[in-house]
Amino acid sequence: MPFLDEASCGAGAAMVNIVVTYPLNKVIFRQQIHAFRFTKALRQVHSEGAWRLYRGVLPPLIQKSTSVSLMFGLFSKYSELFREHGPAAMQNKHVVTASAAFLAGSTEAFLTPFERVQTLLQHPKYHGQLKNTADTVICLRSYGFAEFYRGVVPILCRNGPSNVLFFSLREPIKSGTAYCMGEHQGSVATTLQNFVSGAVLGASLSTLFFPLNVVKNKMQCRLGGEFFSFPAAAKYVYQERGWRLLYRGVHVNFTRSMCSWGIINAAYEMFRKLLHVGQEA
């Protein structure tokens, strides 16, 4: 089944990535929440001890593996549906890619509760109040179902457009990298091409949508209380920080995303090759 094959490759790639990049992601999160400089955020994380370094890793491990699994699996499924059952206007390759990517990204938004739990567990304010993932879920349930989806609007605004750009530009960038490498081909060269393609897109898209993640984290670090609309939260963050501090942490985020999506894209293609996914085409 193409969907399950593509989804399995995406899940495996995401798991490899999370284990490698989670500590750096925690430092970036502290910068986004407190507008700390990198060294101060790093010192804060270091002062909490090694045993807390991977505190909160379970939600992103589940969320990211499920998210990337759905990202690739649903993109493949939606593309197949559009090609086989879509109107004539949908048969253009670029239209199919953009439409399938947007729908896949929007569908991922149902995983918002994982990002919600991760945000609360990473925030030092709740270290004494929330023990682990299960404890956080129980706490959120006491506030009602809507509390799990606090911050879903910026996630929707981020996921759909970023997916469209990722799937539309992934192959062109890989082809450009292959052209620059010239005669250097083979499995190592192909893996490097996939890494570069994912790294360039990951770094670029994470920077483009960085303000949305800042607003999303600010919305989700609240536990209970009033629900602020996305425009109201964005206005508050901008008035509080201005453009300069709004991008505090973007340099580290650029590096993390470059490594993260380079790993995901390269690992995804390696899993596809190992599992012989899509080779019948």
Side-chain angles (χ1 to χ4, degrees), residues 9-10 13-14 16-18 20-22 24-29 31-32 38 60 63-64 67-72 74-75 79 93-109 111 115 153-181 189-217 234 237-238 241 243-270:
C9 293
V16 172
N17 163 65
I18 284 295
V20 175
T21 62
Y22 184 77
L24 185 58
N25 185 62
K26 177 169 277 193
V27 175
I28 295 168
F29 172 80
Q31 289 189 281
Q32 290 179 330
F38 174 71
Q63 184 268 335
K64 194 66 176 180
S67 175
V68 177
S69 171
L70 289 176
M71 175 181 167
F72 285 106
L74 287 175
F75 172 73
S79 296
K93 177 183 176 181
H94 300 296
V95 175
V96 169
T97 297
S99 301
F102 186 85
L103 283 177
S106 299
T107 305
E108 289 173 47
L111 297 173
E115 292 194 46
V153 175
I155 289 175
L156 282 168
C157 293
R158 176 197 68 191
N159 285 6
S162 64
N163 261 22
V164 172
L165 292 171
F166 180 85
F167 283 108
S168 297
L169 299 175
R170 195 165 71 104
E171 287 303 319
I173 293 176
K174 178 182 177 181
S175 299
T177 306
Y179 177 79
C180 292
M181 295 179 68
T190 300
T191 299
L192 180 59
Q193 292 160 17
N194 289 322
F195 180 88
V196 170
S197 177
V200 169
L201 284 169
S204 302
L205 296 177
S206 69
T207 301
L208 179 63
F209 293 101
F210 189 80
L212 285 177
N213 281 328
V214 174
V215 175
K216 186 268 296 183
N217 284 335
V237 171
Y238 175 73
R241 304 185 180 189
W243 282 111
R244 186 176 179 182
L245 290 181
L246 185 63
Y247 278 90
R248 175 63 61 84
V250 71
H251 300 92
V252 182
N253 185 67
F254 181 94
T255 304
R256 178 195 63 86
S257 297
M258 182 171 63
C259 296
S260 177
W261 280 100
I263 292 170
I264 288 175
N265 202 45
Y268 167 74
E269 293 296 344
M270 289 179 66

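Note that OH of Tyr238 is 11.5 Å distant from CG of Leu245, once rounded to the nearest 0.5 Å. Put simply, CE on Met270 and CG on Asn194 are 10.0 Å apart, with the number rounded to the nearest 0.5 Å. Leu24 CG to Cys259 SG: the interatomic distance, rounded to the nearest 0.5 Å, is 7.5 Å. Taken from OG in Ser67 to CG in Asn159, the straight-line distance is 6.5 Å, to the nearest 0.5 Å. For the atom pair NZ (Lys26) and CZ (Arg256), the distance works out to 14.0 Å, reported to the nearest 0.5 Å. Rounding to the nearest 0.5 Å gives a distance of 11.0 Å between NZ of Lys174 and CG of Leu192.
Of the candidates Ile263, Val200, Thr190, Asn265, Phe195 forms a side chain to side chain contact (heavy atoms under 4.5 Å, CB included) with just one, namely Ile263. Tested against Ser260, the residues Thr255, Asn253, Asn17 include a single side chain to side chain donor-acceptor pair (under 3.5 Å) partner, Asn17.
At a threshold of 4.5 Å between non-hydrogen side-chain atoms, the residues Leu201 and Leu169 count as touching. Side-chain contact between His251 and Phe38: absent, with no pair of heavy atoms (C-beta onward) separated by less than 4.5 Å.
Classified by interplanar angle (parallel below 30°, tilted 30° to 60°, perpendicular above 60°), the ring pair Phe210/Tyr247 is parallel. The aromatic rings of Phe167 and Phe75 lie parallel to each other, their planes meeting at an angle below 30°, with 60° marking the opposite boundary.
Heavy-atom minimum distance, Val164 versus Ala98: CG2-O, 3.4 Å. Between Asn163 and Ala104, the shortest heavy-atom distance links the atoms ND2-C, 3.8 Å. Scanning all heavy atoms of the two residues, the minimum distance from Leu246 to Pro211 falls at CD2-CB, 4.0 Å. Between Gly202 and Ser257, the closest heavy-atom pair is O-CB, 3.4 Å. Taking every heavy atom of both residues into account, Ala189 and Met181 meet most closely at CB-CE, 3.6 Å. The two residues Ser206 and Phe254 make their nearest non-hydrogen contact at OG-CA, 4.4 Å.
Although no hydrogens or angles enter the test, the distance criterion places no donor-acceptor pair under 3.5 Å between the side chain of Ser99 and the main chain of Val96. At least one donor-acceptor pair closer than 3.5 Å links the side chain of Ser197 to the backbone N or O of Arg170.
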*From CA spacing to verdict: salt bridge (Lys or Arg N to Asp or Glu O under 4.0 Å), Glu115, Arg158*: CA-CA 13 Å; Glu115 292 194 46; Arg158 176 197 68 191; 2.9 Å; yes
